[in-house]
Structure formats: C-alpha cells, structure tokens
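Reading through the structure tokens given below for one structure.
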Amino acid sequence: MTRRTGCGMVLAMALFWLSAHAAFAAEAYISNEKSNTVSVLDTDKMEVTKTIKVGQRPRGIVMSKDGKFVAVAVGDDDTIQTIDTASKEVTGTLPSGPDPELLAFSPDGKTLYVANENDNTVTIIDVQSRAAMGEVPVGVEPEGMGISPDGKTVVCTSETSNMAHFIDIQSRDIVANVLVDSRPRFAEFKSDGSELWVSAEVGGTVSIIDPVKHVVTKKINFDIPGLRREAIQPVGINITKDGKAGFVMLGPANRVAVIDGNTHEVVKYLLVGQRVWHGAFTPDEKYLLVTNGISNDVSVIDVPSLKVTKSIQVGELPWGVAMTRQ
Amino acid sequence: MGLSSRASNVRKNYSLKTLAAAGSNSHHLRHKALIRRGNDLASWRVGSLILCAFFGCCISGAFGQEATKVKIGFLRTAEQRTTISLIEQPAPNDGLAGAELAIDDNNTTGRFLNQTFSIDDVKLKPQDDAAAAVNALADQGVSLVIADLPPDQLLKAADTGRTRRMLFFNSGATDDRLREEDCRANVIHVAPTRSMLADGLAQYLVWKTWRKWFFVVGSHAKDKLWGDALKRSATRFGAKIVDERAFVDTGGARQTDSGIAQIQRQIPTFTQGAPDYDVLVAADESEVFAAYFPYRTYAPRPVAGSAGLVPTSWDPSMEQWGATQLQNRFMKKFSRRMTALDMQAWSAARMIGEGVTRTKSGDVQAIRTYLLSPDFALAAFKGQKLTLRPWNLQLRQPILLSDGRNITSISPQEGFLHQVSELDTLGYDQPETKCAFK
C-alpha cells in the first residue's frame with residue numbers, strides 16, 4: 001500500500017474518533033498464563049488496579065454479553081472460571097471439556113462455545129443453567145473460535161488439521177471446512193459479517209474468508225525488513241467496528257501489523273513488547289491493548305495515530321484480554 | 001561433478017555472526033545448482049507425468065465426492081537396540097507408534113475431505129531382502145513408504161522403489177551420506193543428520209563458552225561417524241579439542257548385577273590426566289560407555305554428546321509451542337512417552353497427510369512437488385515452520401538439547417545467522433553439498 005493511502009486512512013480514522021464520544025472508564029481483564037492470575041487494568045488511568053487469583057494456566061478470556069462477568073479458561077484445571085465484574089472475585093465455574101483454551105459467546109450471550117484441544121471437539125455450554133449442551137467433533141487441536149454477528153455460525157480453527165470449520169449453530173452440523181495455512185490460531189469476523197479473518201501462526205499468513213462462499217479470497221503476507229519469515233507468527237486479530245482497520249499480533253516478531261480493512265494491505269508495523277499474543281479495543285476504540293507474553297506487559301496502542309504510547313507491567317506470560325462492554 | 005568440487009571448496013569455518021556474510025556469490029552457485037538439479041530430475045518427472053496420465057489423474061478427477069484412500073508402507077528392521085539405561089530401552093513399536101498417531105490425525109482431518117489413511121507395517125529380519133519387501137508393497141498399491149532402515153538397506157529399498165515410482169520418507173537414518181554423495185531423488189529425509197545434531201549441540205556449547213572439549217569416541221563404525229560430525233562442528237563453530245581418547249568396546253553385557261561398583265572405578269581412571277577442559281564430549285552411538293560418564297569423570301565437568309546433554313529431534317519432556325497436546329494424544333493412545341523416533345515417523349506421516357490434503361490427491365508426484373514447493377510448511381511443535389532443503393530433500397528443523405529430564409535449550413542459538421534460513425546453520429549447507437540426484 002502506498003504511503004498516501006496509509007495516511008488517508010489514518011486521517012479518516014482520526015476524524016471518526018474525533019466525532020466519537022469522549023473516553024469513559026473501562027476495565028481490561030488480562031489473563032496471565034504463568035502466574036495463574038487475572039490483572040484488572042483501568043483504561044482511564046492505564047494502570048493495574050487489582051490482581052485476581054484464578055485456576056491453573058489461564059488463557060482464553062472473554063466478557064459476558066451483559067458485562068456482568070468475565071469467563072476465563074483455566075486449561076490445566078480443565079474448567080472455565082467466572083469472575084464477577086462488580087466484586088472482581090471468582091464466583092463460579094462453567095463446565096468444559098478437557099484443556100479449554102479459547103471461548104466465544106453467542107451474540108445473545110446465552111451460549112458459550114469452547115475449543116477443547118485435547119479431544120478434538122467444540123463444547124456448547126448453556127450459560128444460564130451452567131450445563132454442557134453438547135459437543136461437535138472438529139479437526140485436530142481446535143483452537144480459534146469466532147461467531148458470526150448474526151449468531152448463526154460458529155467457526156472453529158483446528159491447529160493440526162489446518163482448517164476453519166464452519167458450524168451451523170441451529171443444527172450443530174459442520175457446513176464447510178476451509179483449508180488455511182499451518183497452525184490456524186484465531187478467527188475474527190468483521191462486525192457486518194462480510195469477512196472472516198483467520199491467522200496461521202506457523203504458515204505466517206492471515207486468510208480472508210468469504211463466509212458465504214466458504215473460500216479464501218485473499219491471503220495477507222507479512223514482510224518485515226531484517227526479520228526472517230519464520231519469526232513472523234500471526235496470532236490474535238482485532239478489527240474495528242467500522243471494518244476499516246485490522247490489527248494482527250505477530251507473536252515473536254514483536255510487532256502488531258495494521259491492515260487496511262478494505263484493501264487488506266499492511267499499512268504499518270507497530271513495535272510492541274516481546275511475543276505479542278492477543279488484544280482488545282477500549283469500548284471507544286481509542287486504544288488497543290495487546291499482551292506481550294515474554295516481556296510480561298501490555299502495550300497500549302493509540303488507534304487514531306497508530307502509535308504505541310505506553311507499556312504496563314502485568315503478571316507473568318500475559319495471554320488474553322477481555323474488555324468492558326459499552 | 002564440476003559443481004560438487006567447486007562447492008566443496010566453499011566450506012569454511014563458521015563462527016558467531018559470520019554466516020550472514022556468505023553473500024551473493026553463493027547465491028549464484030545456488031542458482032546454477034538448482035538448474036542442474038532440475039535437469040537431473042527431469043526424467044523422473046516425465047515418467048511420473050506418463051504415470052499420471054494413466055491413473056493419477058483418475059484419482060484427482062475422482063476427488064470431491066469419492067474417497068481418496070492412501071495406504072502408507074512402514075518399513076523397519078526387526079532388531080532391537082540395546083541401551084545402557086533401562087528406561088531408554090526402546091518399545092517394540094518405537095517409531096511406528098508415531099506414524100500411527102499421525103494416521104489418526106490425518107484421518108480426523110480426512111473426515112472432512114473424504115480422505116482416509118492407513119498404514120502397513122513391514123518388519124525386515126537381518127536375512128530379509130529390502131528389495132523384495134518394497135516390491136511386495138508396490139504390488140499392494142503402496143507408493144508412499146516411511147522407512148526406518150540402516151543406510152544400505154534404505155538405498156536398496158529406494159533404488160528398487162524408483163522403478164515402481166515410490167516415494168520414501170527416511171524416519172530413522174541420520175547418516176549424512178544419504179543426503180550427500182548417496183542422495184536419491186525419491187527419498188525425503190525427516191530424521192536430522194548427525195551433522196545437524198552435532199551443530200545443534202556445538203552452537204550451544206560455544207554459546208556457553210565451553211570451548212575446550214575433552215573428546216572420547218567409541219570403536220564402532222557409527223561411533224566414528226558421530227565423532228567425525230562432532231569434530232566438524234567443533235572446527236566450524238570455534239571449539240577446541242584439547243584431548244581425544246578412544247573407548248574400545250571389548251564386549252560384555254549391558255548393566256549387570258554389581259557391575260556398578262566396577263564402573264565407578266573404571267571411569268575416573270579412564271578420564272584421568274586430561275588437560276584442563278570445559279566439557280567432555282562423548283561419541284557413543286553404540287551405547288557402550290557414554291552413559292556411564294556423568295558424575296563419574298575424574299574432573300568435575302559436564303558431559304555432552306551421547307550422554308549428559310544430548311542433541312535430539314524430540315524428547316518426552318518437550319512441551320513448548322503446543323507440544324503438550326501432541327504428548328497428551330500420544331500418551332493416551334500408547335500409554336508411554338513419545339521418543340525422537342516416534343516424532344520423526346509422526347512428522348513423516350503428517351507430511352504425507354499435508355501432501356494429500358493440499359493436493360487433494362494420492363498421487364506421488366503431486367505430493368512430492370507440493371512438499372518441495374514454497375507453499376509447504378510442516379507444523380511440528382518446534383516454534384517455526386519446517387521446510388525441505390530442495391538440494392537434498394532434508395527436512396529443516398531445530399535441534400533440541402535434552403538433559404534426559406528436560407529441554408535445556410533449542411538450537412539454532414541466537415546470533416548464528418544465515419542468509420536463507422537460520423535452520424541452515426545446522427548441518428551441511430547448500431554450498432557444501434555433494435548431492436547430485438541420480
């Protein structure tokens with residue numbers, strides 16, 4: 001992409017945020033895989049306000065749709081814990097299959113879908129009754145979970161089968177399997193449902209999938225001067241609500257790639273901490289917080305200016321982020 | 001041959017940060033080499049095209065609704081290795097188990113693509129003819145074979161299989177000659193070479209600044225090959241062999257009752273009188289003495305090579321980069337831990353799976369072309385993609401350093417740079433290769 005279009009996009013984004021509401025207090029919940037804790041971070045002050053002890057090996061972390069609790073997958077305890085966002089305490093557990101890693105809520109918030117790496121299934125959990133409703137067999141080592149904005153399809157990526165499985169929520173049948181590059185880690189829909197982005201950690205690419213035709217329409221490659229291709233390992237993805245910008249965490253490349261949501265070209269690489277893994281926007285999308293596993297911190301990216309403005313120390317091996325809802 | 005002799009002159013002593021300087025003239029060499037090898041492979045390809053015209057295309061044409069069935073041969077020797085340590089005694093299905101697990105993984109994926117995979121295990125006794133076994137597999141329609149065979153038997157199998165259009169995956173033999181002067185266009189090497197293993201260890205020892213090596217080598221042919229590889233690495237990365245001794249195998253049983261008392265007296269005596277050294281490096285593939293060295297040497301120094309810190313392609317304790325999932329699957333299925341040989345066979349069977357999945361066919365030539373293309377990447381829980389060296393069909397891979405309980409480090413070490421792939425700092429590199437496919 002040319003510099004001019006890049007600048008144009010930044011400007012357009014800046015204008016968008018100028019017109020948006022002023023920032024308000026939000027909280028980010030960060031799972032620390034090694035310290036077995038969740039750090040609570042106030043995004044106004046940009047500092048950690050509380051550290052919550054959780055089960056063993058917390059990784060996938062999501063906010064409930066009503067914002068009342070955070071669900072965190074504690075893989076080595078083979079369960080999911082819930083943290084009350086008012087009391088900031090662990091209040092209960094949700095059933096899951098063995099070694100849950102990533103999870104996603106249905107748009108109505110009533111159902112939780114969990115990838116169980118150890119037995120090649122996706123577990124469906126009814127949030128109200130806290131009961132497992134069923135399982136869908138998928139490929140080897142299911143990991144990434146994405147839910148279409150219309151709530152009709154859940155997508156699971158399997159790391160060793162190298163597929164994105166499209167599961168029809170109503171029938172629980174797999175309706176399509178799309179091959180992507182090696183070790184797909186994460187799946188993220190655009191908010192209008194027009195595209196699904198899937199990162200391939202070992203393959204080093206992000207595939208853009210047409211969710212209707214179930215075909216890969218474009219592959220994003222990353223080329224960072226001075227870095228070997230092998231070191232570029234895309235993991236987490238965040239796309240702005242207007243679909244104009246995507247952010248891809250590049251793991252050991254220590255960079256976040258900024259992607260133009262329309263052309264799918266890389267606009268910029270932002271240098272962050274070591275082994276950048278997942279991220280979440282503040283509700284106003286003014287900031288993107290990303291976890292840096294090896295440097296034990298969170299980098300704050302100022303979204304309108306596309307600049308890394310701050311890094312905040314959290315627990316050991318920070319993995320995922322869940323954010324207060326608007 | 002002009003190329004090979006020129007290339008061998010390019011060999012030089014590598015040290016920290018000098019590999020990057022190899023520069024553009026080797027690029028030119030590489031280009032010429034690829035052209036030349038292209039010609040060598042041409043006849044193989046033409047033959048395969050004819051074959052494809054016969055029935056390969058029927059397979060690819062049938063894909064979609066109809067099933068693709070892939071039967072993989074697994075060729076291995078019936079003999080059992082002996083080890084000094086009881087806990088390292090190989091299981092009867094060592095290696096095969098890894099391939100079987102990968103077949104399960106391939107079938108889980110294949111379920112969504114109407115592809116099925118199966119394995120046909122063939123054990124060769126010492127008097128058995130590898131050629132006959134290969135022909136028998138070919139007669140059953142097997143064209144993809146994972147081979148865990150000694151080098152001469154592997155070559156015989158490959159040369160027999162060549163006329164039957166078969167593709168072999170070497171999962172066991174670490175001999176460099178199979179990738180160099182004795183390389184074959186129909187053998188893909190999944191096992192690392194001795195030179196790759198030695199370089200992986202040497203890089204770490206040099207990084208630790210344990211540059212003064214006390215070197216002990218066994219008396220069997222394979223000990224000497226392993227010893228030569230370690231010596232090459234010492235020269236390459238700037239370590240110095242300050243003393244070299246040979247440990248002669250005089251026969252006798254493995255561990256015996258009360259034998260331990262004798263060993264406690266023998267090893268200090270054997271290692272006495274060496275000049276000041278940092279680490280004892282032992283080359284003992286035959287499992288005669290090295291495992292007796294740790295904690296028994298005259299000087300209180302660490303041991304590496306065939307005991308102590310050992311370079312390997314896999315270890316039961318490996319849990320980085322999602323390896324825990326693979327270890328769990330293996331344990332659940334076989335109730336034992338996964339060895340290097342298991343991992344090499346798993347990788348071979350997964351490469352076949354990737355080839356079939358991506359090309360949507362069971363055609364050997366299509367699979368081979370895919371595996372050699374830039375699109376191929378094997379995810380094998382090593383933190384980066386594994387790819388093939390096109391000049392000799394060796395799988396590039398990191399080398400793990402295990403202390404027998406945990407992974408101490410993983411090579412290539414930081415700072416050992418290379419103009420193509422840092423993994424090519426391990427083992428013979430393209431400018432040095434003696435491989436010219438026949």
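A, B, ... follow the sequence lines: proteins, then strands. Residue 1 opens every chain.
Shown here for A:Ser182 and B:Ala377, the closest heavy-atom pair between the two residues is OG-O, 2.9 Å. Across all their heavy atoms, B:Phe112 and A:His165 have their closest contact at CE1-CE1, 3.4 Å.
With a 4.5 Å cut-off on non-hydrogen atoms, B:Leu378 touches chain A through its backbone but not through its side chain. The contact between B:Glu422 and chain A is made by backbone and side chain atoms together, counting heavy-atom distances below 4.5 Å. Contacts of A:Pro137 with chain B are made by both backbone and side-chain atoms, with heavy-atom separations under 4.5 Å. Residue contact with chain A, scored on non-hydrogen atoms closer than 4.5 Å, is absent for B:Thr387.
Proximity of B:Asp105 to A:Glu141: side-chain heavy atoms (C-beta onward) are nowhere separated by under 4.5 Å. Put simply, the side chain of A:Thr160 does not reach to within 4.5 Å of the side chain of B:Gln325, judged on heavy atoms. B:Ser421 is listed as a side-chain neighbour of A:Glu230, based on a closest heavy-atom distance under 4.5 Å. Here the side chains of A:Val140 and B:Thr109 are in contact, with some heavy-atom distance below 4.5 Å. Looking only at side-chain heavy atoms (C-beta outward), B:Leu113 and A:Met163 come within less than 4.5 Å of each other. In this structure, the side chains of A:Gln233 and B:Gln384 come closer than 4.5 Å at one or more pairs of heavy atoms. Using a 4.5 Å heavy-atom threshold, the side chains of A:Glu117 and B:Asn328 count as separate. The shortest distance between side-chain heavy atoms of A:Glu159 and B:Phe381 does not fall below 4.5 Å.
A distance-only check finds no donor-acceptor pair linking the side chain of B:Glu354 to the backbone of A:Ser161 [under 3.5 Å]. Remark: the backbone N or O of A:Gly139 is not paired with any side-chain donor or acceptor of B:Thr108 at under 3.5 angstrom.
Within a 6.0 Å sphere centred on CD of B:Glu319, other residues, nucleotides and ligands contribute 12 heavy atoms or fewer. More than 12 heavy atoms of other residues, nucleotides or ligands shown are found within 6.0 angstrom of NZ on A:Lys218. Counting heavy-atom neighbours within 6.0 Å of B:Arg337 CZ, excluding the residue itself, gives a total of 12 or less. Within 6.0 Å of the NZ atom in A:Lys34, the count of heavy atoms belonging to other residues, nucleotides or ligands does not exceed 12.
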side-chain contact (heavy atoms from CB on, under 4.5 Å) evaluation trace for A:Leu179 with B:Lys360 | CA-CA 11 Å; A:Leu179 272 171; B:Lys360 299 178 168 52; 4.1 Å; yes
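Interface remark: of the candidates A:Asn120, A:Asn162, A:Ile174, A:Asn162 forms the most heavy-atom pairs closer than 4.5 Å to chain B.
If you take NZ on B:Lys385 and CD1 on A:Ile232, they are separated by 9.0 Å, rounding to the nearest 0.5 Å. Rounding to the nearest 0.5 Å gives a distance of 6.0 Å between CZ of B:Arg358 and CG of A:Asp181.
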